[in-house]
Amino acid sequence: MKEKKSGFSSRIGFVLAAAGSAVGLGNIWRFPYLAAKYGGGIFLLVYIILTVTFGFSLLLTEIALGRKTSKSVIGAYSEACSKFKPLGYLAAAVPIIIFPYYCVIGGWVMKYFTVFVSGNGGNAANADFFGNYISTASQPLFFLALYMGITAIVVMLGVKKGIEKVSTFLMPLLVLMTIGIAIYVLTIDGAVEGFIYYVKPDFSKFSIKTVIAAMGQLFYSMSIAMGIMVTYGSYMRKEDNIEKSVHHVEIFDTGIAFLSGMMIVPAVYAISGGDQSKINAGPGLMFETLPQVFDKMPAGNIIGLCFFTLVFLAALTSSISLMETIVSIIMEKFRIKRITTCVIVLTFSLILGALSVFGYSIWSDFNIIGYQILDFFDFISNNLMMPVVALLTCILIGYIVKTKYIEDEVALNSKFKSQKMYRIMIKYIAPVCLLVILVSSFVLSL
């Protein structure tokens with residue numbers, strides 16, 4: 001049975017839902033450690049420049065493609081050009097791969113939330129706490145199921161009653177919490193020096209790696225090339241201004257990323273006395289280094305609780321968009337009702353997510369081309385599939401159907417102010433940038 005196509009009730013509903021998708025673990029977990037690693041202010045500058053050019057063009061393309069066709073990612077690419085239908089399937093595969101392991105990480109966040117809410121944040125500060133936790137399958141499986149279940153309930157409620165309502169409530173709350181924690185952190189002795197370290201450009205650290213890291217972060221952070229923005233675009237009203245909406249999503253995304261760094265980097269700098277090994281802790285920053293920082297801070301357990309609440313909310317808005325994209329594809333393709341589709345996706349994703357859990361526990365000795373299972377899923381989706389999807393999208397729009405295909409949709413109800421820049425980015429600059437990301441991913445993986 002075919003369900004009637006639902007949609008967002010307002011432009012602000014769309015913006016908050018799209019921003020919710022963009023604002024996730026990429027902003028609060030990944031952005032701060034990349035900024036610290038690649039020269040602070042210089043990384044911020046490069047990231048902002050890429051966001052308003054490279055990121056803007058790709059984001060606008062996907063949203064406009066979705067609204068123009070009113071279809072999910074497979075149908076949208078097929079309607080644009082039947083020869084590019086396989087690209088739709090490739091784009092559809094990205095959220096199918098990402099959603100299960102993303103929920104595993106979301107489960108980790110829920111575990112830390114329960115530790116801090118019980119007043120035992122000091123336990124999480126032990127150096128072996130995180131390693132011990134993920135090395136046993138039972139608890140990570142429980143929290144995976146709990147986290148994925150919460151996500152599924154929101155998606156089952158639909159676009160207006162579920163995704164839009166939840167995003168409209170969570171996004172303002174998330175912004176207020178981020179600002180509040182960031183302001184508190186700056187009151188700690190030594191935090192101002194940490195803030196200067198975070199925002200002051202270190203030009204000696206600028207290199208092609210800085211640019212590649214910033215471009216990679218854009219994909220991770222802005223939900224580009226995952227089919228998400230095509231799906232959300234298909235729910236967007238025709239009377240809403242696409243260009244303005246994209247700018248607002250960018251402001252949310254970049255603002256939360258900046259504030260997250262402002263929360264984390266100065267705090268780690270202040271408590272560690274500027275210890276570079278702590279500041280540049282990389283992926284372990286959130287689950288290993290930060291609990292140790294909270295343990296030494298005034299009211300650390302409360303701040304830790306607020307922080308992991310914030311991370312949970314941010315992760316949830318992103319996992320909702322990932323699941324909705326998968327559900328939308330299946331509903332459109334097979335004409336299945338929403339709740340039935342959600343149950344199917346939930347079941348399949350729990351099985352796939354369990355593989356990532358086992359990769360750190362009972363199958364810890366097993367690896368795929370040198371990667372543990374979760375890391376392998378992350379590598380093929382983020383480093384390979386997403387740049388390929390974006391590159392082929394640029395070729396489709398820039399050279400096959402031409403940029404006018406998107407420009408006409410953007411200019412449907414308002415002047416397309418960035419039209420000239422958009423054409424140059426999609427046809428010439430973005431493809432080169434994407435090739436650089438692909439080549440660097442292959443080189444770094446060798």
- Task: Evaluate side chain to side chain contact (heavy atoms under 4.5 Å, CB included) for Val388 paired with Leu438, printing each intermediate quantity in order.
- Result: CA-CA 8 Å; Val388 168; Leu438 269 172; 3.8 Å; yes
Would you please classify the geometry between the Tyr235 ring and the Tyr232 ring as parallel, tilted or perpendicular, with 30° and 60° separating the classes? tilted
In the structure I gave you, are the side-chain heavy atoms of Lys111 and Thr114 within less than 4.5 Å of one another anywhere?
yes
When Lys160, Lys165, Glu164 are each screened for side-chain hydrogen bond (donor to acceptor under 3.5 Å, both in side chains) with Ser9, the one that passes is Glu164
Here the gap from Ile63 atom CD1 to Glu243 atom CD, rounded to the nearest 0.5 Å, amounts to 11.5 Å
Within the distance-only criterion (no hydrogens, no angle test), does the side chain of Gln372 pair as donor or acceptor with the backbone N or O of Gly359 below 3.5 angstrom? yes
Separation between OG1 (Thr325) and CD1 (Ile228), nearest 0.5 Å, reads 4.5 Å
Practice item. May I ask you to check whether over 12 heavy atoms, not counting those of Ile302, lie within 6.0 Å of atom CD1? Key: no
With under 30° as parallel and over 60° as perpendicular, where do the rings of Trp108 and Phe130 fit, or are they tilted in between?
perpendicular
Next item on the list: Could you check if a side-chain atom of Met236 sits within less than 4.5 angstrom of a side-chain atom of Ser245, using non-hydrogen atoms only?
Entry: yes
Going through the checks in order, is the side chain to side chain contact (heavy atoms under 4.5 Å, CB included) test met by Ile105 and Leu25?
CA-CA 9 Å; Ile105 301 171; Leu25 292 173; 3.4 Å; yes
Do side-chain atoms of Ser364 reach the backbone of Ser361 as a donor and acceptor pair under 3.5 angstrom? yes
message: Please check: side-chain N/O of Gln217 versus main-chain N/O of Gly26, any donor-acceptor pairing under 3.5 Å?
response: yes
Find out whether Phe43 and Asp202 are in side-chain contact, i.e. whether some heavy atom of one side chain is under 4.5 Å from a heavy atom of the other.
-> no
Pairwise side-chain contact, Cys394 with Leu58, heavy-atom cut-off 4.5 Å (strictly under):
yes
Interatomic distance, CD1@Ile74 vs CG@Leu87, rounded to 0.5 Å, equals 10.5 Å
So, does Ser221 use its side chain to make a donor-acceptor pair with the main chain of Leu218 at under 3.5 Å? no
>> Any carboxylate oxygen within less than 4.0 angstrom of a Lys/Arg side-chain nitrogen, looking at Glu324 and Arg338?
In response: yes
What one should report as the nearest heavy-atom pair of Ser418 and His247 is OG-NE2, 4.4 Å
| message | For a 4.5 angstrom cut-off between non-hydrogen side-chain atoms, does Met425 reach Phe54? | response | yes
When every non-hydrogen atom of Val185 is compared with those of Pro266, the smallest separation belongs to CG1-CB, 4.0 Å
Contact check, side chains of Asp253 and Asn27, non-hydrogen atoms, under 4.5 Å = yes
| message | Could you walk me through whether Ile437 and Met386 satisfy the side chain to side chain contact (heavy atoms under 4.5 Å, CB included) test, starting with their C-alpha distance in whole Å, then the side-chain angles of each, then the deciding distance to 0.1 Å, before giving a yes or no? | response | CA-CA 10 Å; Ile437 291 176; Met386 287 162 60; over 6 Å; no
For Thr393 and Val389, the nearest pair of non-hydrogen atoms, with its separation, is OG1-O, 2.7 Å
**Prompt:** Ignoring hydrogens and geometry, is there a side-chain-to-backbone donor-acceptor pair from Thr210 to Ser207 under 3.5 Å?
**Reply:** yes
Open item on the list: Can a donor-acceptor pair be found, under 3.5 Å and without considering hydrogens, that links the side chain of Ser10 to the backbone of Gly13?
Closed with: yes
- Can you check whether Ile242's main-chain N or O pairs, donor with acceptor, with Arg67's side chain at less than 3.5 Å? no
Is a side-chain N or O of Asn301 found less than 3.5 angstrom from the main chain of Phe116, in a donor-acceptor match?
-> yes
Query raised in the report: Does any non-hydrogen side-chain atom of Ile150 lie less than 4.5 Å from one of Met110?
Result: yes
| In this structure, are over 12 heavy atoms from other groups packed under 6.0 Å from Asp128 atom CG? | yes
When rounded to the nearest 0.5 Å, the distance separating CD1 of Ile42 from NZ of Lys200 is 13.0 Å
Heavy atoms of Ile163 and Ala17 approach each other most closely as CG2-CB, 4.1 Å
Considering only distance and modelled atom types, tabulate donor-acceptor pairs under 3.5 Å from the side chains of residues 312-321, sequence neighbours left out.
unit_1: Thr317; atom_1: OG1; unit_2: Gly20; atom_2: O; d: 2.7
unit_1: Thr317; atom_1: OG1; unit_2: Val23; atom_2: O; d: 3.3
unit_1: Thr317; atom_1: OG1; unit_2: Ala314; atom_2: O; d: 2.8
unit_1: Ser318; atom_1: OG; unit_2: Gly20; atom_2: O; d: 3.4
unit_1: Ser318; atom_1: OG; unit_2: Ser21; atom_2: O; d: 2.9
unit_1: Ser318; atom_1: OG; unit_2: Val23; atom_2: O; d: 3.2
unit_1: Ser319; atom_1: OG; unit_2: Tyr147; atom_2: OH; d: 2.9
unit_1: Ser319; atom_1: OG; unit_2: Thr151; atom_2: OG1; d: 3.1
unit_1: Ser319; atom_1: OG; unit_2: Ala315; atom_2: O; d: 3.3
unit_1: Ser319; atom_1: OG; unit_2: Leu316; atom_2: O; d: 3.0
unit_1: Ser321; atom_1: OG; unit_2: Ser21; atom_2: OG; d: 2.9
unit_1: Ser321; atom_1: OG; unit_2: Ser318; atom_2: O; d: 2.6

### Query
Within the side chain of Thr254, is there an N or O that forms a donor-acceptor pair under 3.5 Å with the backbone of Ile251?
no
> Quick check: does any side chain N or O of Tyr112 sit under 3.5 Å from a backbone N or O of Ala124, one acting as donor and the other as acceptor?
Replying inline: no
- Task: Give a yes or no on whether the ring-centroid distance for Tyr198 and Phe258 is below 6.0 angstrom.
- Result: yes
- Query: Looking at the rings of Phe377 and Tyr102, which for Trp means the six-membered one, are their centres under 6.0 Å apart?
  - Reply: no
* For the residue pair Tyr371 and Asp378, establish whether any side-chain heavy-atom pair is separated by less than 4.5 Å. => no
Scanning both residues in full, the closest heavy-atom pair of Phe14 with Gly233 reads CE1-N, 4.2 Å
So NZ of Lys37 and NZ of Lys205: to nearest 0.5 Å the spacing works out to 10.5 Å
Output for pair (Ile98 CD1, Ser349 OG), nearest 0.5 Å, gives 12.0 Å
Side chain to side chain contact (heavy atoms under 4.5 Å, CB included) between Tyr89 and Ile329: does it pass, once the steps are laid out? CA-CA 10 Å; Tyr89 282 100; Ile329 292 165; over 6 Å; no
For Ile406 and Ala64 the tightest heavy-atom approach is CG2-CB, 3.6 Å
